[in-house]
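Report on the following structure.
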Amino acid sequence: MMLEKQWKRIYMIGGIAAIIVFCGTLFDIVFGSITSSNLLDLPHTAIERFAEFQQNWFMGLYRLDFVNVMITLFMIPVYFGLFAAHRRKCLPYASIALIISMVGVTIFVTSNNALAMFDLSTRYYQATSEIQKVLFESTGETLLIQGSHGSFGVFTGFFISTIASICIAIVMLVGGVFKKGVSYLGIIGYTFLLVYIVLVTFVPSLQEIAVMIAAPGGIMAIIWLLLVGIKLIKMGKTVNND
């Protein structure tokens, strides 16, 4: 009985987290559209990033994927909730999907340099000598190479995290816990987003095409998140056996 209650809590936590991720992703899409966060319009140098942080610290963090970092962290209980939901019928596949998701989350979060750049921008404008400013600028350039949006530095984290979502959606398809339509939404949606990630990283000249591919993918992904969240919350309330 105690174990049953624990699994129900996992479902509930995963469902609530999925709703939070849904809201966060929706905000990201709307805010990105309003602010026209085009890769070509982003600051390209460390000095430009520092200036942006001083003018609008939230925009500085946003354009360095900090919102995506928060969304990715909230995906941890979602992945675990989905693993728990499929532990009886397809434990091996659910375990593989969970492991891939944890690897993707770890790489993505640890490779993000938004907070480090924020700190550097403050230090840069507080510096009292040109030598210090040059040092902070060079450090900032290094961080941008490692983790700016659309760079090779963040590709691995984005790529593996998206692959993890595709894997867990496939597990949902064969597990029978969720309706097949929900599973296909996740598979197709995140596949489109995967294509977008590859294009903006390796073929930035095709960004407009990439955005056209990402738009339906993003819509399907957020609908998938909403449906997953609702289902997990219902499971947290109604599951009575283990």
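Remember, it's a predicted structure, so these values are computed and weren't measured experimentally.
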> What's the spacing between Ile170 CD1 and Tyr184 OH if we round to 0.5 Å?
Replying inline: 10.5 Å
> Atom CZ of Phe83 and atom CE of Met102: how far apart are they, to the nearest 0.5 Å?
Replying inline: 11.0 Å
>> So which atom in Ala114 and which in Leu61 form the shortest heavy-atom distance, rounded to 0.1 Å?
In response: O-CD2, 3.7 Å
> Leu225 versus Met75: any side-chain heavy-atom pair under 4.5 Å?
Replying inline: yes
>> If hydrophobic clusters are built from ILVMFWY residues whose side chains come within less than 4.5 Å, do Val174 and Val177 share one?
In response: no
> With side chains defined as the heavy atoms from C-beta onward, is the minimum distance between Met172 and Trp224 less than 4.5 Å?
Replying inline: yes
> Would you call the rings of Trp57 and Phe118 parallel, tilted or perpendicular if under 30° counts as parallel and over 60° as perpendicular?
Replying inline: parallel
> So do the side chains of Val228 and Phe22 get within less than 4.5 Å of each other, counting heavy atoms only?
Replying inline: no
>> With rounding to the nearest 0.5 angstrom, report the CG to CD1 distance, Leu26 to Ile223.
In response: 10.5 Å
> Any side-chain heavy atom of Phe178 within less than 4.5 Å of one from Leu82?
Replying inline: yes
> Linking I/L/V/M/F/W/Y whenever any side-chain heavy atoms sit under 4.5 Å apart, do Val203 and Val211 land together?
Replying inline: yes
> Taking all non-hydrogen atoms of both residues, which atom of Ser183 and which atom of Ala169 are closest, and how far apart?
Replying inline: CB-O, 3.6 Å
>> Keeping Thr201 on the side-chain end and Val198 on the backbone end, is there a donor-acceptor pair under 3.5 Å?
In response: no
> Would you call Asn113 and Leu64 a side-chain contact if the rule is heavy atoms closer than 4.5 Å?
Replying inline: no
> Atom CG of Leu143 and atom OG of Ser138: how far apart are they, to the nearest 0.5 Å?
Replying inline: 9.5 Å
> Which heavy-atom pair separates Ala210 from Tyr196 by the least distance, and what is that distance?
Replying inline: O-CD1, 3.3 Å
> Does the Tyr62 side chain pair with the main chain of Gly32, one donor and one acceptor, at a distance under 3.5 Å?
Replying inline: yes
> Can Arg49 and Leu120 be said to form a side-chain contact (heavy atoms from CB on, under 4.5 Å), step by step?
Replying inline: CA-CA 10 Å; Arg49 294 281 185 176; Leu120 274 178; over 6 Å; no
> Going only through I, L, V, M, F, W and Y residues with side-chain contacts under 4.5 Å, is there a path from Tyr125 to Leu135?
Replying inline: no
>> I want to know whether Tyr124 and Phe53 have ring centres closer than 6.0 Å.
In response: no
>> To the nearest 0.5 Å, what is the distance between CD1 on Ile222 and CZ on Phe27?
In response: 14.0 Å
> Going through the distances and angles, do Tyr11 and Lys234 end up as a side-chain contact (heavy atoms from CB on, under 4.5 Å)?
Replying inline: CA-CA 8 Å; Tyr11 298 145; Lys234 287 182 178 179; over 6 Å; no
> Met117 and Phe58: same hydrophobic cluster, using ILVMFWY side-chain contacts below 4.5 Å?
Replying inline: yes
> Heavy-atom distance under 4.5 Å between the side chains of Leu227 and Lys179, does that happen here?
Replying inline: no
> Going by heavy atoms in the side chains, are Tyr79 and Ser165 under 4.5 Å from each other?
Replying inline: yes
> If you count the non-hydrogen atoms of other residues, nucleotides and ligands that lie under 6.0 Å from CZ in Phe74, is the total more than 12?
Replying inline: no
> If every non-hydrogen atom of Ala46 is compared with every non-hydrogen atom of Leu144, which pair is closest and at what distance?
Replying inline: N-CD1, 3.5 Å
>> So which atom in Ala18 and which in Gly229 form the shortest heavy-atom distance, rounded to 0.1 Å?
In response: CB-CA, 3.6 Å
> When rounded to the nearest 0.5 angstrom, what is the spacing between CD1 in Ile160 and CG in Leu194?
Replying inline: 11.0 Å
> Among the clusters formed by ILVMFWY side chains lying less than 4.5 Å apart, do Leu232 and Ile13 turn up in the same one?
Replying inline: no
>> Run the ring pair (Phe, Tyr, Trp, His ring centres under 6.0 Å) test on Phe155 and Phe202 for me, step by step, so that the C-alpha distance in whole Å, both residues' side-chain angles and the decisive distance to 0.1 Å come before the verdict.
In response: CA-CA 10 Å; Phe155 171 76; Phe202 297 101; 4.9 Å; yes
>> For Ile96, give me all partners under side-chain contact (heavy atoms from CB on, under 4.5 Å), at least two apart in sequence or on another chain.
In response: Ile100
>> Would Ile188 and Phe192 count as a side-chain contact (heavy atoms from CB on, under 4.5 Å) here? Give the steps.
In response: CA-CA 6 Å; Ile188 298 172; Phe192 281 3; 4.0 Å; yes
>> Checking Ile233 against Met12 for the side-chain contact (heavy atoms from CB on, under 4.5 Å) test, could you report, in this order, the C-alpha distance in whole Å, the side-chain angles of both residues, the deciding distance, and whether it holds?
In response: CA-CA 5 Å; Ile233 290 173; Met12 185 64 68; 3.8 Å; yes
> Would you call Phe158 and Asp65 a side-chain contact if the rule is heavy atoms closer than 4.5 Å?
Replying inline: yes
> What are the two closest non-hydrogen atoms of Gly175 and Cys90, and how far apart are they?
Replying inline: CA-SG, 3.9 Å
>> Has Arg87 got a side-chain atom pairing as donor or acceptor with Ala84's backbone, closer than 3.5 angstrom?
In response: yes
